[in-house]
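Have a look at the structure below, then the notes.
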Amino acid sequence: MTPIYFDNAATTPLAPQVIEEMLPYLTQHFGNPSSIHTFGRTTRSAIEKARKTVANILNISPSEIFFTSCASEADNQAIIAGTNALHCQHIITSKIEHHAVLHAVDHLKKTQNTTVSYLQTDAKGHIDLLELDQLLQQHPKAFVSLMHGNNEIGNLNDIATIAQICQSHQAYFHSDTVQTVGHYRHDLQAIKADFIVGSAHKFHGPKGVGFIYVKGAHKIDPYIHGGSQERNMRGGTENVAGIVGLAKALELAYEGMDQHRSQIASLKTYMIGQLKSFIPGVQFNGDCENEATSLYTVLSVSLPNSEDNDMLLMNLDINKIAASGGSACTSGATESSHVIEAIGGDPTRTTVRFSFSRYNTLAEVDYVVNVLKKYYH
Ligand code: PLP
């Protein structure tokens with residue numbers, strides 16, 4: 001049996017067309033883009049073409065896109081270099097952000113005079129925009145970092161409205177858009193964010209490449225000091241094949257977005273229905289059943305207390321099902337999820353995150369529900 005991959009929020013398989021596009025840059029086009037000879041000019045022009053593709057899709061200027069090694073780097077750059085350059089001493093964020101954001105903020109708390117406010121989240125994981133507005137009245141010109149789609153529970157923030165609120169207080173807005181780039185349309189003329197980030201491996205592109213959008217008016221420092229690559233914003237020889245792959249993956253994601261969205265959303269809805277029918281006591285973390293406020297790619301399932309809970313992911317794996325737990329496994333040690341904790345999740349229940357892509361099928365959902373039935377009946 002072919003294994004079932006329901007862990008697409010962790011990473012996605014490369015699209016075949018992306019591999020095809022990247023291959024020449026892993027074989028014959030190997031020049032260093034900083035070299036002035038033909039080999040270098042070929043790869044330089046591939047990078048600039050990719051930058052234009054990404055910029056056109058996001059409706060911005062190519063000069064506002066900088067390629068990075070991943071979204072964690074891009075989040076760190078936005079927060080650390082952004083707060084520094086914009087002279088922001090107060091950060092407003094939430095406790096359910098990705099660690100790339102939370103730990104960058106912690107670093108600033110430890111090393112600078114930065115102070116931080118964390119917005120409250122309710123039991124469904126929603127933040128309160130009135131609270132944001134009130135905090136901004138106390139801390140105008142703050143640096144706000146709020147994600148678009150939550151990678152664990154799938155909640156979506158209304159980033160267009162958040163950006164407007166920030167603008168009205170002359171505050172700066174960074175959004176970790178890793179789980180939504182390639183899955184939702186971002187028109188950055190309409191969404192007045194100052195920084196957003198993306199990571200190719202979340203939308204069927206390669207690992208090891210991401211980007212940061214920096215609104216043109218902002219002059220921030222490089223995060224990696226070195227050569228003059230990325231217009232002095234990121235030293236280091238570019239990952240040419242990765243950048244070419246990122247642009248191709250984003251192009252493909254946009255071409256098929258409406259169709260992929262309805263296909264994946266119906267898988268999610270179907271799975272919710274099947275789980276409710278066959279698993280007594282099943283619940284869902286976040287606002288999973290509301291498509292307007294939940295990623296269509298993520299379903300965070302909360303299972304009742306059972307002797308099988310500890311072994312659940314292992315048992316799924318034995319049954320050839322790949323999913324994630326509601327906890328992060330760092331260096332072999334399992335920590336409880338900061339997101340589930342922040343929304344007041346019941347510690348006696350166990351969480352499994354299923355996350356979908358366009359390559360998944362209804363038959364795979366049926367198989368997974370049948371396996372789960374064996375453990376929870
Ligand atoms: N932010 C979010 C919301 C994510 O889901 C992830 C990856 O899981 C990251 C940031 C980090 O992305 P990368 O793997 O490119 O560093």
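Both counts, for ligands and for their atoms, begin at 1 and track the order of listing.
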Set of residues satisfying ring pair (Phe, Tyr, Trp, His ring centres under 6.0 Å) with respect to His107, sequence neighbours excluded
none
Sorted by chain and number, sequence neighbours left out, ring pair (Phe, Tyr, Trp, His ring centres under 6.0 Å) with His204 holds for Tyr359
What is the ring orientation for His29 with Tyr25, classed by angle as parallel under 30°, tilted 30 to 60°, or perpendicular over 60°?
tilted
Can you check whether Tyr184 and Tyr296 have ring centres sitting under 6.0 Å from each other?
yes
Taking atom types as modelled, find out whether Asp194 and His218 have a side-chain donor-acceptor pair closer than 3.5 angstrom.
yes
Which residue pairs satisfy the side chain to side chain donor-acceptor pair (under 3.5 Å) criterion with at least one member in residues 235-246, sequence neighbours excluded?
Arg44-Glu238
Close N/O pairs between ligand 1 and protein, under 3.5 Å:
| unit_1 | atom_1 | unit_2 | atom_2 | d |
| --- | --- | --- | --- | --- |
| ligand 1 | 1 (N) | Asp176 | OD1 | 3.2 |
| ligand 1 | 1 (N) | Asp176 | OD2 | 2.6 |
| ligand 1 | 5 (O) | Gln179 | NE2 | 2.8 |
| ligand 1 | 8 (O) | Lys202 | NZ | 2.6 |
| ligand 1 | 14 (O) | His201 | NE2 | 3.0 |
| ligand 1 | 15 (O) | Ala71 | N | 2.8 |
| ligand 1 | 15 (O) | Ser199 | OG | 2.6 |
| ligand 1 | 16 (O) | Ser72 | N | 3.0 |
| ligand 1 | 16 (O) | Ser72 | OG | 2.7 |

